[in-house]
Every structure is written in C-alpha cells, then in structure tokens.
Amino acid sequence: MIKTKFLGATRGFVTVHAVAIFGQPVFAGSYLTGDYGMLAVHRFGANLVFSLALAQLVPTALLWRRGGPRWPLWASVLLLLGETAQYFAGLAGALGLHVPLGVALVSLAVVTLVGIWR
C-alpha cells in the first residue's frame with residue numbers, strides 16, 4: 001500500500017515534469033520565429049522545469065526507500081544535473097550546448113515517463 005502511494009506520487013511528478021519540459025522547445029521556437037515575448041515564457045518554463053526536477057527527487061527517493069525500483073531516482077538526478085547545465089548554457093547564450101542538451105533532456109524525460117507508467 002505504501003509503495004503504491006509513492007508510485008502514484010512519482011508518476012504524478014514525472015508526468016507534470018514531462019509536460020513542462022515539452023513546452024520549452026515550443027516556447028523557444030516561438031521566440032526564434034519573432035515572438036520576442038516568448039523568451040520570458042521560456043525563462044519562466046526553465047525555472048518551472050528545474051523546480052519540478054528538484055521536487056521529483058523526493059517521491060522517487062521515497063519510492064526506492066520503500067522497496068520500489070531505484071532507476072527513477074537516478075533518472076531524476078540525471079535530469080536535475082542536465083537541467084542545471086541547460087539553465088546555465090541558456091543564460092550564457094551557448095546554443096551549441098543548449099539545443100542538443102535540450103533534445104537529450106526531453107528524450108530522457110520521455111523515457112522516464114514511459115518507464116514509470118509501465
């Protein structure tokens with residue numbers, strides 16, 4: 001029962017995180033096509049995605065400590081580290097790192113989402 005509760009919380013955080021991270025390329029693309037106000041939305045999204053990644057560590061750690069799988073915790077740690085690098089690459093304007101790292105992070109979020117719902 002306890003493990004099921006933590007699995008549900010983990011699924012919720014992973015799902016919300018994936019939805020938020022999916023929005024980031026959309027906001028960036030809108031900015032790059034000339035809607036300059038979308039840069040502020042992209043910046044807000046970056047803060048939201050990072051905060052969700054940080055918060056996601058709690059249910060994944062609790063799930064693992066209660067006998068669940070360990071991989072969601074490690075995937076969440078990897079997402080958090082990658083999003084930290086992504087955040088600073090974006091602030092520095094290092095698009096050569098920011099764009100491919102963004103693709104990798106969205107991919108990892110999708111793999112995590114599919115894995116946690118299986």
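Residue numbers run from 1 in the order of the sequence given.
Once rounded to the nearest 0.5 Å, the distance linking CG of Leu105 with CG of Leu78 reads 8.0 Å. In this structure, the separation between CG on Leu7 and CG on Leu62 is 12.5 Å, given to the nearest 0.5 Å. Expressed to the nearest 0.5 Å, how far CE of Met38 lies from CZ of Phe44 amounts to 12.0 Å. Atoms CG and CG, on Leu32 and Leu39 in that order, are 9.0 Å from each other to the nearest 0.5 Å. Note that the CG atom of Leu108 and the CG atom of Leu113 stand 11.0 Å from one another [nearest 0.5 Å]. Considering CG of Leu79 and CG of Leu52, their distance stands at 11.0 Å, rounded to 0.5 Å.
Nearest approach of Thr112 to Ala75, heavy atoms of both residues: OG1-CB, 3.6 Å. Across all non-hydrogen atoms, the minimal contact from Ala53 to Leu80 is CB-CD1, 4.0 Å. The nearest pair of heavy atoms linking Tyr87 to Asn47 is OH-OD1, 3.0 Å. Nearest heavy-atom pair across Leu101 and Gly82 is CD2-O, 3.6 Å.
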Please assess Trp74 against Thr60 for the test side chain to side chain contact (heavy atoms under 4.5 Å, CB included), listing each intermediate value before the final yes or no.
-> CA-CA 9 Å; Trp74 291 116; Thr60 57; over 6 Å; no
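Cluster membership check: Leu97 shares its hydrophobic cluster with Ile21, using side-chain heavy-atom separations under 4.5 Å among Ile, Leu, Val, Met, Phe, Trp and Tyr. Following chains of ILVMFWY side-chain contacts shorter than 4.5 Å, one cannot reach Val106 starting from Val99, and the two form parts of different hydrophobic clusters. If you chain together hydrophobic residues whose side chains sit under 4.5 Å apart, Val58 and Trp71 fall into the same group.
The closest donor-acceptor contact from the side chain of His98 to the backbone of Gly90 lies under 3.5 Å. Here the side chain of Ser76 pairs no donor or acceptor atom with the backbone of Leu57 at under 3.5 angstrom.
Taking 4.5 Å as the limit, some side-chain heavy atom of Leu91 sits within range of a side-chain heavy atom of Phe88.
Grouped by direct or indirect side-chain proximity (heavy atoms under 4.5 Å, Ile/Leu/Val/Met/Phe/Trp/Tyr only), Val111 sits alone.
Evaluation of the side-chain hydrogen bond (donor to acceptor under 3.5 Å, both in side chains) test over residues 14-39, restricted to residues two or more places apart or in two chains, returns Thr15-Trp117, His17-Gln56, His17-Glu83, Gln24-His42.
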